[in-house]
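Worksheet: one structure, shown below.
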Amino acid sequence: MSVVPIIDVAALKGDDEDAKNEVGKALDRAGREIGFFQIVDHGVPEDVITEMYRVSDEFFALPDDEKQRVRQPTPDAVRGYSSVGQQAFSYSEDIAQPRDLHEKFDVGPVDVDRTDPYFSPDLSGPHFLPNSWPERPEDMEEIWTRYFREMNDLSRRLMGAFARGLDLDPEFFAATIDRDISMLRAINYPHLDQPPLPGQMRAGAHTDYGSLTIVRQEDAPGGLEVFTQDGDWVPVPVVPGAFVVNIGDLMAQWTNDLWISTRHRVRPPTPDDSGDTRRMSLVFFHQPNYDAVIECLPSCVAAGEQPRYAPITSGDHLTQKFEKTISLAG
Ligand SMILES: O=C(O)CCC(=O)C(=O)O
Ligand SMILES: [Fe+2]
């Protein structure tokens, strides 16, 4: 039995209030115990996921100079392509180690009204920067946009269930996530021809920065691991059809660490793993509106005690994490 529970979330698309509350309770338990769970019956059509894998595979297979044409412009503008060895996720935790063995492509919000000043760089800083799409595959933007919208809808259903699990109004989070600054990433871990450096990871240990993260992983060697409350690294098994969901820093801050923003990493294949070890994940980082103030829920702090975290906006939290990555990467 894995320590990461599997939760059927089909009820979140229906009208049965009791069934939705039950899902909320299961998510609350998982949030407290491990901060990770796998969801099944999530309502995202399988063909949307298959198509995402197809176009993303095609993109990563392009020659490097073509991928570099859409490279990430600056460390705090997380848009476009980053090549292998450009970053280490562990920098966000002030841990220096050899750079990660992954390449990735990132996009930000896909439905942005550019005539509204709220979304202008003056007010929103790096959070609504336009996306930069490659010329090939030619349907990349269409497919990624469809997947982004599916992930956003699913995140909103989950946030509604989180509110239920925390005994809040189901709409409690709605006003903080209606202009979210979420990001979608495909992260590709190439097959390794030579052993990694000592301590080198495919993705170094980190917590995720937002409210929740939705991951689709592939069944290939060298996979996702979570750091349990007992201090062990344990694998997150691949469950056919499921998404892995984890709690991010901002849910932990909202709940005063009642829910855990769990550290995780992607380990490299071992010398015993034979054959092609390439692996790709699709990762959606759900992140509240940049001006949403994340402040400890009154029900999560005991009378007479102080919350563990000072209030912070979602946008500032994200920018601070990006800045850490920059300062350590030097
Ligand atoms: O590839 C994975 O399974 C997880 C990647 C990850 O943790 C991240 O991009 O934040
Ligand atoms: Fe992560």
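From a predicted model like this one, the values you see are computed outputs, not experimental measurements. Just so you know, ligand 1 is whichever comes first in the structure, and atom 1 is the first atom listed for that ligand.
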Completion exercise
Counting only non-hydrogen atoms and a 4.0 Å cut-off, the residues near ligand 1 are Phe89, Arg185, Ile187, Tyr189, His206, Asp208, Val215, Leu224, His264, Val266, Arg279, Ser281, Phe285
Practice task
Using the ring of Tyr118 (Phe, Tyr or Trp, six-membered ring only), decide whether Arg179 places NZ or CZ under 6.0 Å from its centre and within 45 degrees of its axis.
Solution key: yes
Exercise for the section: Classify the ring geometry between Phe227 and Trp233 as parallel (under 30°), tilted (30 to 60°) or perpendicular (over 60°). Expected result: tilted
Fill in the blank from the handout: For the Fe ion (ligand 2), the nearest N/O/S atom on Asp208 is atom OD1
Practice task
May I ask you to decide whether Arg146 forms a salt bridge with Glu142, counting only side-chain N to carboxylate O separations under 4.0 Å?
Solution key: no
Completion exercise
Residues passing the side chain to side chain donor-acceptor pair (under 3.5 Å) test with His102, sequence neighbours excluded, are Gln87
Practice task
Output yes when Asp167 and Lys25 qualify as a salt bridge under the 4.0 Å nitrogen-oxygen rule, no when they do not.
Solution key: yes
Handout entry: Ring geometry between Phe128 and Tyr290 (parallel below 30°, tilted from 30 to 60°, perpendicular above 60°)
Key = perpendicular
